[in-house]
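Structure, as structure tokens:
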Amino acid sequence: MFKTLRTVFISICALVLLQGCFLINGPLEYAEATYGEDTNVPSVNYLPIGIPFLLGGHGSSVPISQELSLTAKHIAQLDYSSVVAYHPDCDIAIIKENNVGKSFAPIGTIQRDQATTTVGMGLTGKVLIGEGKYYIDVNFVDSSLFARCPASITDAPVQSGMSGGGVFNENGELVGIISGISGSGFKLLDGTDLGNERTSVFVSTLHVKPWLVETIESFYGESQDVLTANLQTSLSIDSPALPPTPEASGTSRGK
């Protein structure tokens, strides 16, 4: 993940969580149309919230083992999942799910300007994907979800219901969990314009690495240490040290 966290202000609109009302920030495609039936599109699951189409909506999750998935914390707090653990600072949670027969993407890292693919569930239950690149990590201090957690920025499109889905690098490795969208027109405090057409926000798997490994180890116990050993190895490869998190200004709201 990009080594330096930057301070920003948001000049267009607030951070919005992808639940409730329908939101979309760019063109998406159905995975089956892009990947075809013979390739390994990353697995994601559908998480209903309330009564889909009527009183609620839905979210997404990413399988990481036969019994566990990652999703956004704000999704896990509202849907019917059995929660294993919430991250104390970031919009991410581990939930129990039956993932037998699902594929598990390895955990990876990403550098600035590298390609990203967002993957989540659409309203009809089909898998949606968006293509873009990773820009930078920032902090939205006025957001309850990102005041103490870096927000990773990509311009790969997302829409309502994709919260909790995955962000993958060009090698198909999971580098983050989708959290929401923000305005495309924010700038760094020094006036730098990132030049991104849209702003999709995700939680970096690199940033939550210690919590993720500890939680999985606690869930499975020592008899399942092969899973966490592989996880530790994949997360530590080319992983830069995280610098202290600077403050940022700007307004944000949940949706």
Practice item. Mind running side chain to side chain contact (heavy atoms under 4.5 Å, CB included) on L70 and L212 for me, showing each step along the way? Key: CA-CA 10 Å; L70 291 174; L212 186 57; 3.7 Å; yes

Point to revise | Criterion side-chain hydrogen bond (donor to acceptor under 3.5 Å, both in side chains) on S152 and S204, from CA distance to verdict | key: CA-CA 6 Å; S152 298; S204 162; 4.7 Å; no

Review point. Run the side-chain hydrogen bond (donor to acceptor under 3.5 Å, both in side chains) check on K102 and N45 step by step: do they pass?
Key: CA-CA 9 Å; K102 299 293 182 69; N45 295 328; 2.3 Å; yes

Exercise for review: May I have the step-by-step check of side chain to side chain contact (heavy atoms under 4.5 Å, CB included) for I64 and I216, ending in yes or no?
Suggested key: CA-CA 10 Å; I64 57 173; I216 293 174; 3.9 Å; yes

Point to revise | Intermediate values then yes/no, side chain to side chain contact (heavy atoms under 4.5 Å, CB included), V62 and L174 | key: CA-CA 9 Å; V62 181; L174 180 67; 4.0 Å; yes

Practice item. Starting from the C-alpha separation in whole Å, work towards a yes-or-no answer on side chain to side chain contact (heavy atoms under 4.5 Å, CB included) for V203 and H207. Key: CA-CA 8 Å; V203 175; H207 182 77; 5.8 Å; no

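Considering every non-hydrogen atom in both S61 and E97, the closest pair reads OG-OE1, 2.7 Å. Closest non-hydrogen pair, F168 versus A105, comes out as CE2-CB, 3.7 Å. Residue Y86 comes nearest to A93 through the heavy atom pair CD2-CB, 3.7 Å, listed as atom of the first residue, atom of the second, then distance. Taking every heavy atom of both residues into account, F202 and G176 meet most closely at CD1-CA, 3.6 Å. Contact record, I178 with A72: O-CB, 3.9 Å, taken as the closest heavy-atom pair. In terms of heavy atoms, S81 sits closest to I95 at OG-CD1, 3.4 Å.
Between S65 and F219 the shortest side-chain heavy-atom distance does not fall below 4.5 Å. A heavy-atom distance below 4.5 Å is not found between the side chains of L128 and M121. A 4.5 Å side-chain heavy-atom check between P27 and R198 finds at least one atom pair inside the cut-off. Y134 is listed as a side-chain neighbour of D137, based on a closest heavy-atom distance under 4.5 Å.
At most 12 heavy atoms of other shown residues, nucleotides or ligands fall within 6.0 angstrom of atom CD in E214.
Taking CG from N25 and CE from M162, the interatomic distance works out to 9.0 Å, rounded to the nearest 0.5 Å. In this structure, CD on E170 lies 9.0 Å from OG1 on T117, to the nearest 0.5 angstrom. In this structure, OG1 on T71 lies 8.5 Å from CD1 on I92, to the nearest 0.5 angstrom.
Within the 3.5 Å criterion, the main-chain N or O of L68 finds a donor-acceptor partner in the side chain of N99. A donor-acceptor pair under 3.5 Å is absent between the side-chain atoms of T118 and the main chain of I129, judged by distance alone. The backbone N or O of H87 lies less than 3.5 Å from a partner atom in the side chain of K73, making a donor-acceptor pair. Side chain of S160 to main chain of L23: a donor-acceptor pair is present (N/O by atom type, distance under 3.5 Å, no hydrogens or angles). No donor-acceptor distance shorter than 3.5 angstrom exists from the side chain of N196 to the backbone of T154, with no hydrogens or angles considered. In terms of modelled atom types and a separation under 3.5 Å, the side chain of S43 and the main chain of P63 share no donor-acceptor contact. Side chain of R148 to main chain of D89: no donor-acceptor pair is present (N/O by atom type, distance under 3.5 Å, no hydrogens or angles). Listed for the S60 side chain is a donor-acceptor partner under 3.5 Å among the backbone atoms of G161.
Under the side-chain hydrogen bond (donor to acceptor under 3.5 Å, both in side chains) rule, Y135 has a single partner from D113, T116, D155, which is D155.
No hydrogens or angles considered: a donor-acceptor pair under 3.5 Å links the side chains of Y220 and E67.
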